[in-house]
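Both ligands and their constituent atoms are indexed starting at 1 by order of listing. For the numbers below, each heavy atom of this structure counts, side chains included, while hydrogens, waters and symmetry mates do not.
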Amino acid sequence: MAGVGSTIVEDRIGVLTIDSPPVNALGMAVRKALDEGLASLIGDADVDAVVIICAGRTFFAGADISEFGKPFLPPSLHDILDRIEASPKPIVAAIHGTALGGGLETALTCHYRIAVPSAKLGLPEVHLGILPGAGGTQRLPRVVGVETALEMMTSGRPIAAAKALESGLIDALAEQGRLREDAITFARKLADERAPLTKIRDRDDRIAPARATPEIFQAFREKNARAFRGFKAPEAIIQAVEAAVSLPFEEGLKREVALFRQLEDTPESRAQRHYFFAERDTAKIPDVPADTPTLDIAAVAVIGAGTMGGGIAMNFLNIGVPVTLVEMNQDALDRGIATIRQNYEASAAKGRMTAEQVAQRMALITPALDLAAVASADLIIEAVYESMAVKREVFAKLDRVAKPGAILASNTSFLDIDEIAAATSRPESVLGLHFFSPANVMRLLEVVRGAKTSKTVLATALKTAKRIGKLPVVSRVCFGFIANRLMMPRLRQAEALVLEGPTPAEIDKVITDYGFAMGPFQMIDLVGLDVIERDDPRPNLRKQLIAHGRLGQKQGGGFYDYDEKRRPTPSPVAAEVIAAFAAEQGVANGGAQDTATILATLMYPVVNEGAKLLEEGIAARASDIDVAAILGYGWPVYTGGPMAWADEIGLDKVVAGLEALAARRGPAFAPAPLLKRLAEDGRFFTR
Ligand code: NAD
């Protein structure tokens, strides 16, 4: 047999091995090899049972994403699965790595499953806004029961082999490193014992209880209402499992296909598929090929152990990299280290790590008060106050003490990386590593490429981001980089709009209904009115509120009043301040506005800013902007991010909305030339 499959018969057990790196995705070549290999082994009179196994690092890790949206080439996965299930000889799936999506669905049509302890099994289709469409919604509940199946498919989270054994998803555990041998022995035993050809489709024992208690579906919906809000796939998955319980298998399969088709065509599914590819694209930098040499990062130093520095350090401690933590004085140093310890101890208290792991991580910290302590670090990340003068001073000193070739990074939120780099004699080693708060939690890492940053330094930063579990988005230098600059117009528009009549609560509701966890005013109150746009020279509403002692949740309330449990209520004082400032600015109160107007006023300028980021070359591609918004600001993923959302609603509509805004508020809102051009040509940002 040619191509990616090979067969061999050992001890009258046919072994079909698929070898299609990197992840044995179920693309056309793999399907063909499966189809041919199965036909030959099932038809071979010298074969009593068949083992399907994969070479390389994993069992079939799912569909071949490069085939998405392309015309479908036979053989279909459905045909192969039918062939497996109908085989008169037992077929065993031998699983290592990850059996995901179509991979697990394939294993579910096999008569038996064996896996190594390190294997993980799951149906992650929900993350693409779809459902498992090759029988997964019908077979999984028949093996593991309705509740576990719902949990696995709506969360998309894979389960470990031990749990899979416990729930019945696999029938046996192989010894780590001996999968092939153990699977052959297992198959031999099945053949010798004439074990039944178990077809999951015929099983009823695990779904029968749910037939008697259909209310569990409603309870599951209610329990997860918050997490599922805005998404379409979880509800479709629940309905498919309801069908598995209430309909005969073949009917259930038809329902699965129908629900799959419905989902595929929803904006939510389009958005999630866009986002899936968007995440994979961010590390592709046109002029920095994947084989660009990188530097070894074995020791890290962090300057400043405040809010950000501590969290940044934790990322490296978590992967066993020693961190030298430098502060200005002993008190600040002690505080910073105590906070890190508290964070770890809180995780330990929740059972997420052991006391020993806490001790190991803490032992990797070398505290220091002298910048000279960073001399042996391969990567130095500065997280001191947001002041150009302070940062330049730190970088000038770093230039004197850091070893040659060390990467000098700044965590600045807004400042010019090139100006910071110019304080050193090695601007090629300088770049921005802009973490988001809390830095040990948030996945986004903006990698700010200065005019002189070397490709090696950039490639090393991208690789390091991956090592610490971050998703890097590359930004060129500008005020606020991608995420903060992108979202600034929403904040400004919210503050302008609140003068016209809509209340903070009305505006926030439009944004939370859109899918954000909080609205702009709730966010300002949380972060602190004195922290946002500290250097804005113009008079603004925040300054008026601050003058009334209102700094946000932390002091005096902000746009809202807060009780002792930090629950917000509309604030009469804030309303007065707003009215007075509106009068001073000559803005007439026109009363409430409808949802669509508020949404357009706040969000179209964000899309416009995105267009400018693209036009100026700050962002390399529109999808990078979407990733930054989703991971940095909690933009709802089922809209795809601002740029994909704009494509979905129509760029001509966005242009018209912006032109209306410009007429009302001035030319600052005029649509960016790129946006206008795309709209005129009927083109898109992300398609
Ligand atoms: P912070 O005030 O909490 O911490 C700064 C720390 O740096 C302080 O502990 C201070 O003692 C120390 N420090 C100041 N000068 C120093 C020096 N010369 N040597 C050693 N230590 C020094 O501030 P933060 O919120 O952690 O912000 C740090 C940087 O990260 C800023 O540039 C900020 O813009 C950026 N940032 C902040 C956030 C955020 O949400 N807080 C998010 C992203 C980026």
*Start with the C-alpha gap between Glu356 and Arg361, add the side-chain angles, then the distance that decides, and say whether salt bridge (charged side-chain N to carboxylate O under 4.0 Å, His left out) holds.*
CA-CA 9 Å; Glu356 197 190 345; Arg361 288 176 203 194; over 6 Å; no
*Asp561 and Thr569: side chain donor to acceptor below 3.5 Å*: no
*Are a donor atom and an acceptor atom from the side chains of Thr412 and Glu386 found within less than 3.5 Å of each other?*
yes
*Is any side-chain N of the basic residue among Asp418 and Lys452 closer than 4.0 Å to the acidic one's carboxylate O?*
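Not counted as a salt bridge, because no side-chain N and carboxylate O are separated by less than 4.0 Å.
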_Asn411 and His434: CA distance, side-chain angles, deciding distance, side chain to side chain donor-acceptor pair (under 3.5 Å) verdict_ = CA-CA 5 Å; Asn411 181 49; His434 182 215; 5.2 Å; no
*Is Arg550 close to Asp530 at the side-chain level, that is, under 4.5 Å between some pair of heavy atoms?*
no
*Tell me, which residues have any heavy atom less than 4.0 Å from some atom of ligand 1?*
Ile303, Gly304, Gly306, Thr307, Met308, Val326, Glu327, Met328, Ala383, Val384, Tyr385, Glu386, Lys391, Val394, Asn411, Thr412, Ser413, His434, Phe435, Ser437
